[in-house]
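Reviewing the structure listed below.
Quick note on labels: first sequence line is chain A, next is B, and so on, each numbered from 1.
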There are 2 protein chains.
Amino acid sequence: MENETRQEEIIRVAAKLFKEKGYSAVTMRDLATTMNMKAASLYNHINSKQEILEKIIMRIARKFSVGMTTVKSSNDSCIVKLKKIIALHVEVSSQNIYGMAALNHDWVHLEAQLGPYKKLRSDYENDFKEILKEGIAAGEISPIKPDVMMFSILTTLRSLYLWIPKKEVIHLEELTNNLSEILINGIIKEN
Amino acid sequence: MENETRQEEIIRVAAKLFKEKGYSAVTMRDLATTMNMKAASLYNHINSKQEILEKIIMRIARKFSVGMTTVKSSNDSCIVKLKKIIALHVEVSSQNIYGMAALNHDWVHLEAQLGPYKKLRSDYENDFKEILKEGIAAGEISPIKPDVMMFSILTTLRSLYLWIPKKEVIHLEELTNNLSEILINGIIKEN
DNA sequence: CTAATAGACTAACAAGTGTTAGTTTTATGT
DNA sequence: ACATAAAACTAACACTTGTTAGTCTATTAG
């Protein structure tokens, strides 16, 4: 990963700082210091602080959209679709630990891209809910409020970035399996 | 609720602004404007911006600690204890929608109270995990990693503040029951 | 070797930051 | 009606903010 553009490096480092303190609390001088340069020099590579935030967030948001489209268009059962979505979150989150924090917390500070971001997110949530409703209609899933179900599952998946780095060894497949088990079957022991 | 101190009013309004934009992005002038006063006048009622954040966060954090202590010292089964914790989160979250955002996002900006806050939180998580482990030992709960279980349940509960206000009618008992069902039994239909 | 370009630098800007000091207004209790 | 206290105000402070302009330097291409 050493053919990384200087711009990409700035964005990567910015994402890390944004995770630690939030977009608003990170100054261009903070970012510059971490990059071992002066604040003004950053502008040889990026146009504005806002642009950094946009790139961090929209890049990841689009990955989720693409993933959801793939899952939606498959012929799997609803439960399998759900498992694939869980795997999608584990994958994207583990590869973008810092960026996920910005996506979850700092999207409110988007300006020009706020609308597009919200569109992607609400489309995603609608697709998610649709899968749950299909599952209920097909008798695969309990007929509880799909809203509450989606909220419960999706907030867990959206918070993965907080938690993945705490695991000593990140065994992604095992994590995906454990999460699927818990989110789908619950925690209660069946006899 | 009209015998509310002016200080309490400031804190309540601040919590709402903190939820919308985050602690760092809210200026004392923003807060003053919302309160229909000038920034300097705020200081007749509070000592600093930091103090506002402390009061918002620590107040709620202590409610959770007290609640957990009560649950812990009961003689209920682990499943019942879990249900009581779920009810605790629904109750505290619904009564402190704005404050919960600060607790979840802006605790990083605590200064003097950062240590005490982290202590309360890690104690809470340890107690939570202990309940799960007891449940596993007693055969009530599936022997999956208690870490993953706790993460899954707790992040859902911690995100309630994002979601409760979206419900048209907030029927708290029904929400508590639905959440218990989903978090404990999962979403799959049993035959 | 020279010219060109990328990318660092210094200096500065206009606006915004939390907060303080001192003053005036408003409400309260006798 | 008047003294007192609570709570608003204006003005200002020292500092920080994102960003721009202009310059110097090191690497690269011909």
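- Rounded to an integer number of Å, the gap from CG of A:Leu31 to P of D:dT16 is 18 Å.
- Figure legend: A:Lys49 and A:Tyr23 shown as a cation-pi pair, the cationic atom lying under 6.0 angstrom from the six-membered ring centre and within 45 degrees of its axis.
- In this entry the distance linking CD1 of A:Ile52 with P of D:dT17 reads 15 Å, nearest Å.
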N/O contacts under 3.5 Å, protein versus nucleotides 18-22 of chain C?
unit_1 : atom_1 : unit_2  : atom_2 : d
C:dG18 : OP1    : B:Val26 : O      : 3.4
C:dG18 : OP1    : B:Lys49 : NZ     : 3.1
C:dG18 : OP2    : B:Met28 : N      : 2.8
C:dG18 : N7     : B:Arg29 : NH1    : 2.9
C:dG18 : O6     : B:Arg29 : NH2    : 3.0
C:dT19 : OP2    : B:Tyr43 : OH     : 2.5
C:dT19 : OP2    : B:Lys49 : N      : 2.9
C:dT19 : O5'    : B:Tyr43 : OH     : 3.2

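- Evaluated for a salt bridge (charged side-chain N to carboxylate O under 4.0 Å, His left out) with B:Lys81, the options B:Glu134, B:Glu140, B:Glu130 yield exactly one hit, B:Glu134.
- At D:dC9, one or more side-chain N or O atoms of B:Ser41 fall inside 4.0 Å of OP1 or OP2 (strictly under the cut-off).
- Considering only side-chain N and O atoms, A:His45 lies under 4.0 angstrom from the phosphate OP1 or OP2 of C:dA8.
- Here D:dT17 presents its C1' atom at 14 Å from NE2 of A:His109, a figure rounded to the nearest Å.
- Distance NZ (B:Lys38) to C1' (D:dA12): 15 Å, rounded to an integer number of Å.
- Ring orientation note: the planes of A:His89 and A:Phe64 are tilted relative to one another, at an angle of 30° to 60°.
- In this structure, B:Met37 atom CE and D:dC9 atom P are separated by 6 Å, rounded to whole Å.
- Rounded to whole Å, atom P of D:dA7 lies 16 Å from atom CG of B:Asn36.
- Taking a cutoff of 4.0 Å between a charged side-chain nitrogen and a carboxylate oxygen, B:Lys83 and B:Asp76 do not qualify as a salt bridge.
- Looking only at atom types and distance, the side chain of A:Thr155 has no donor-acceptor partner in the side chain of B:Thr155 under 3.5 Å away.
- Put simply, the side chain of A:Met100 does not reach to within 4.5 Å of the side chain of A:Leu160, judged on heavy atoms.
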